[in-house]
K.L.:
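Okay, here's the structure, questions in a sec.
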There are 2 protein chains.
Amino acid sequence: MTTTTGTTDAPEGESEARRATLRDVATLAGVSIATASKALNERAHVRESTRDRVLAAATELAFTPNQAARSLTSGQTGTVGLIADDLDGRFSLPILMGAEDAFGTGQVSVFLCDARGDAIRERYHLDALLRRKVDGIIVVGARTDARPPLVGRIPVPVIYAYAPSTDTTDVSVVPDDVQAGRDAVSHLLSAGRQRIAHISGDAAYTAAQERATGIASALEAAGLELVGGSAQFGAWSEQWGRGAAQRVIDQYPEVDGMICGNDQISRGALETLQRSGWNVPHQTSVIGFDNWEVMTTGPSPTLSSIDLNLEQLGRTAAELLFESIQGQVEPGIRRITPRVVTRESS
Amino acid sequence: MTTTTGTTDAPEGESEARRATLRDVATLAGVSIATASKALNERAHVRESTRDRVLAAATELAFTPNQAARSLTSGQTGTVGLIADDLDGRFSLPILMGAEDAFGTGQVSVFLCDARGDAIRERYHLDALLRRKVDGIIVVGARTDARPPLVGRIPVPVIYAYAPSTDTTDVSVVPDDVQAGRDAVSHLLSAGRQRIAHISGDAAYTAAQERATGIASALEAAGLELVGGSAQFGAWSEQWGRGAAQRVIDQYPEVDGMICGNDQISRGALETLQRSGWNVPHQTSVIGFDNWEVMTTGPSPTLSSIDLNLEQLGRTAAELLFESIQGQVEPGIRRITPRVVTRESS
DNA sequence: CTGTTAGCGCGTTCAC
DNA sequence: GTGAACGCGCTAACAG
């Protein structure tokens, strides 16, 4: 068994299985603490035989250096904080994974905080992170709308991911939703589609607006315009997708391509089309945004989608934070390039 | 703007905006370090006026005590590690949220690690956590199948969540899948259903087996048996749900209730039923497991489901870890009670 | 090559 | 009430 509690098998409370310290190792190896330290840290000027003795002692005692003590001298803790606005949402997770991955391969550990979209909680977690002297912080928003920066004097670098800071002197990383819109259009155009409808989500979201902008501009560049003249805004749900698609095919039976605000809308639209006897992708192509696996690969045909590369976004945020910790980083907003994932629906 | 890098506006490198230390506060307040410490920690025997001066100084310098230094003396770091086997999967997240919540309201911060189902990575993260002297560790599995315990001597308490440890002297928390199966049956029975089919997922999963066990036992207790005699095992996908449901209604048109291995299968089954002109829930009820919102609330009718209360599971794991850190905790496997979420499909 | 000394920032006796 | 002194575990100068 692995030891399951802090207590040992020893007599009773007394002589707790204190984690071995450098001193213990030094004593066992018969050297001074300093020498032991040097040996373990691969510093120069330590006789090989001595180093070996120390290493052996360390292994025997299962010695692990106390990071807290180390941080005291170095000033750096090798930790960063990740404040997510809404872990529940499906956008935070991939970003978080990307960041965790980028950091994990290095030496830094990640503190996870869920602010649940509440400013008070955010403040609370922020304080906790500063008390722990994290070397930096990544703030992950729930939507791509710009958000006010963290309040107060933050003595460490901060990177805003997904939701950019409204302060342009901050460093932010966001998906390139305009480009995503353009990509959706070129994808359909290259499949020979010309009469394209855009069933979007909630117009209050920056993402909805930016994608619509990208779509409009790409169509214009091709000398085309949306079927129905403009995008249909509604909700980010399947239900909205079903209803909106119904109206589109009723009013514009010539439609041969649908760009949907996200994969849920896309799925709803697909359902309506199939129910009305339309053949997808033969008669009309369907493509959404987000590339949410469960939504896109569940139905038949499977749904094409624009992947916003959120994991890459998280990784980039981690790298930027890393650089900021080392020195300066150019402030402003970075945009992560999306990619088209073609499946059966287009 | 918030300070975005470690450097200041000061002359050049020199005199870095070092985070204020207790000494700075003491100096500014004109007292000794010890007094400042007492004042800030609400210790007795400090004159009120002195305390106020210290607090004012602390505020002015934006002083935050250095946790690392604190941990050095206290021995405890107030941090725990959360090693997830597969963050990507949809089960880790709610557990993680529950745990983060339970800890967050206290004083402890959570280190997040993603082992990606790889033993090497797990070992790597484990070492990192031990180096950071976490007070405890929660290991979150990707499936409910029992897993071997962490290897090596772990000097801190460990709680296994979702996937129990094969070592019965460890402490584990898992969903009660047998009960979940029973609940599904009683739900359908109380809705007057008697001819129930069970379209399960991958038989290699403990969850599939346990749910099937619960279902069988509840039916037996009611003097009934599954339509077709036994459960249909396959995959955890919509596609499997669609196909399996088709075979069920072809062979057993008298079926009036379907218990599906998870919400995806459930959704697939619903689609097949509707396509074949069956009325859900009028003609036949459908219920799944997991209560995955996007799956259950997307389609129309919305899908009933058994919620395994994973967030509660995470919270329980956190509480158990907390208790283990304080003292002993009864080893063994705890099971979290599920709950039925009734929607339109039943 | 190795050991001694001096802090890192804080909490805690224990004198004053 | 208040402050001087010590130690937590470790690293970095300097001696030896």
Side-chain angles (χ1 to χ4, degrees), chain A residues 16-55 57-58 61-79 107 130-135 155-156, chain B residues 6 16-55 57-58 61-79 107 130-135 155:
Chain A
E16 283 252 274
R18 232 193 40 255
R19 272 102 116 184
T21 126
L22 186 54
R23 192 208 325 260
D24 301 333
V25 176
T27 307
L28 181 59
V31 296
S32 78
I33 299 188
T35 304
S37 171
K38 286 175 203 154
L40 290 173
N41 292 312
E42 313 265 339
R43 282 279 176 296
H45 305 305
V46 177
R47 198 189 305 159
E48 184 132 359
S49 61
T50 313
R51 186 207 311 290
D52 290 347
R53 276 216 319 287
V54 174
L55 290 181
L61 297 175
F63 169 76
T64 47
N66 186 329
Q67 271 293 357
R70 224 172 216 175
S71 317
L72 253 199
T73 14
S74 73
Q76 303 235 324
T77 55
T79 61
Q107 305 288 345
L130 293 181
R131 219 171 311 133
R132 297 203 182 278
K133 297 290 184 269
V134 292
D135 295 336
V156 294
Chain B
E16 282 252 272
R18 234 192 40 254
R19 272 102 115 184
T21 131
L22 185 55
R23 193 212 323 264
D24 301 333
V25 176
T27 307
L28 180 58
V31 297
S32 77
I33 299 188
T35 306
S37 171
K38 286 173 201 154
L40 290 172
N41 292 313
E42 314 266 339
R43 281 280 175 293
H45 306 305
V46 178
R47 198 187 306 159
E48 184 132 359
S49 61
T50 312
R51 185 205 314 289
D52 291 347
R53 276 218 317 290
V54 173
L55 290 181
L61 297 175
F63 169 76
T64 46
N66 186 329
Q67 270 293 358
R70 224 172 214 175
S71 319
L72 254 199
T73 14
S74 74
Q76 303 236 324
T77 55
T79 62
Q107 306 288 346
L130 293 181
R131 221 171 309 131
R132 299 206 181 276
K133 298 289 185 269
V134 292
D135 294 336

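Order of the sequence lines fixes the chain letters, A, B, ..., with proteins taken first and strands second; residue numbering starts at 1 for each chain.
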K.L.:
Just jot down the side chain to side chain donor-acceptor pair (under 3.5 Å) partners of S71(B), sequence neighbours excluded, or say none.
P.N.:
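Here no residue qualifies.
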K.L.:
Send over the distance from Q76(B) CD to dG9(D) P, rounded to a whole Å.
P.N.:
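It works out to 14 Å between those atoms.
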K.L.:
List in chain and number order the residues that pass side-chain contact (heavy atoms from CB on, under 4.5 Å) with A57(A), two or more places apart in sequence or in another chain; answer none if no residue qualifies.
P.N.:
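Counting only residues at least two positions away or on another chain, A57(A) forms a side-chain contact (heavy atoms from CB on, under 4.5 Å) with V25(A), L28(A), A29(A).
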K.L.:
May I have the distance from L40(A) (atom CG) to dG9(D) (atom P), rounded to whole angstrom?
P.N.:
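Answer to the nearest Å: 16 Å.
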K.L.:
Can you give me the bend angle of the helix from dC1(C)-dG16(D) to dC16(C)-dG1(D)? Use the axis through the first five pairs and the one through the last five, nearest 10 degrees.
P.N.:
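End-to-end axis angle for the helix from dC1(C)-dG16(D) to dC16(C)-dG1(D): 50°, rounded to 10°.
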K.L.:
Name all residues meeting the side-chain contact (heavy atoms from CB on, under 4.5 Å) criterion together with R70(A); count only those two or more places apart in sequence or in a different chain, and write none if there are none.
P.N.:
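Here the qualifying residues are N41(A), P65(A), Q67(A).
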K.L.:
Going by side chain to side chain donor-acceptor pair (under 3.5 Å), name the residues that satisfy it together with R132(B), two or more places apart in sequence or in a different chain.
P.N.:
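Checked R132(B) against side chain to side chain donor-acceptor pair (under 3.5 Å); matches are S109(A).
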K.L.:
For K38(B), give me all partners under side-chain contact (heavy atoms from CB on, under 4.5 Å), at least two apart in sequence or on another chain.
P.N.:
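Counting only residues at least two positions away or on another chain, K38(B) forms a side-chain contact (heavy atoms from CB on, under 4.5 Å) with R43(B), V46(B).
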K.L.:
Applying side chain to side chain donor-acceptor pair (under 3.5 Å), name anything that partners T73(A), two or more places apart in sequence or on another chain.
P.N.:
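Checked T73(A) against side chain to side chain donor-acceptor pair (under 3.5 Å); zero matches.
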K.L.:
Taking side-chain contact (heavy atoms from CB on, under 4.5 Å) as the test, write out the residues that go with A36(B), two or more places apart.
P.N.:
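A36(B): side-chain contact (heavy atoms from CB on, under 4.5 Å) contacts with L22(B), A26(B), V31(B), V54(B).
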K.L.:
Looking at T50(A), does any N or O in its side chain come under 4.0 Å of the phosphate oxygens OP1/OP2 on dT2(C)?
P.N.:
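Affirmative; the distance criterion is met.
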K.L.:
More 5' along DNA chain D: R51(B) or L72(B), using each one's nearest nucleotide?
P.N.:
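Result of the comparison: R51(B).
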K.L.:
Strictly under 4.0 angstrom, non-hydrogen atoms only: write out the protein contact profile of nucleotides 10-16 of chain C, one letter per nucleotide from the 5' end, B, S or -.
P.N.:
SBB----
K.L.:
Can you tell me the distance, in whole Å, between the CG atom of L130(A) and the C1' atom of dG9(C)?
P.N.:
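Atom-to-atom, L130(A) to dG9(C), this comes out as 17 Å.
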K.L.:
Taking all heavy atoms of F63(A) and all of T21(A), pick out the closest pair and write down the distance.
P.N.:
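Taking F63(A) first and T21(A) second, the nearest heavy atoms are CE1-C, 3.5 Å.
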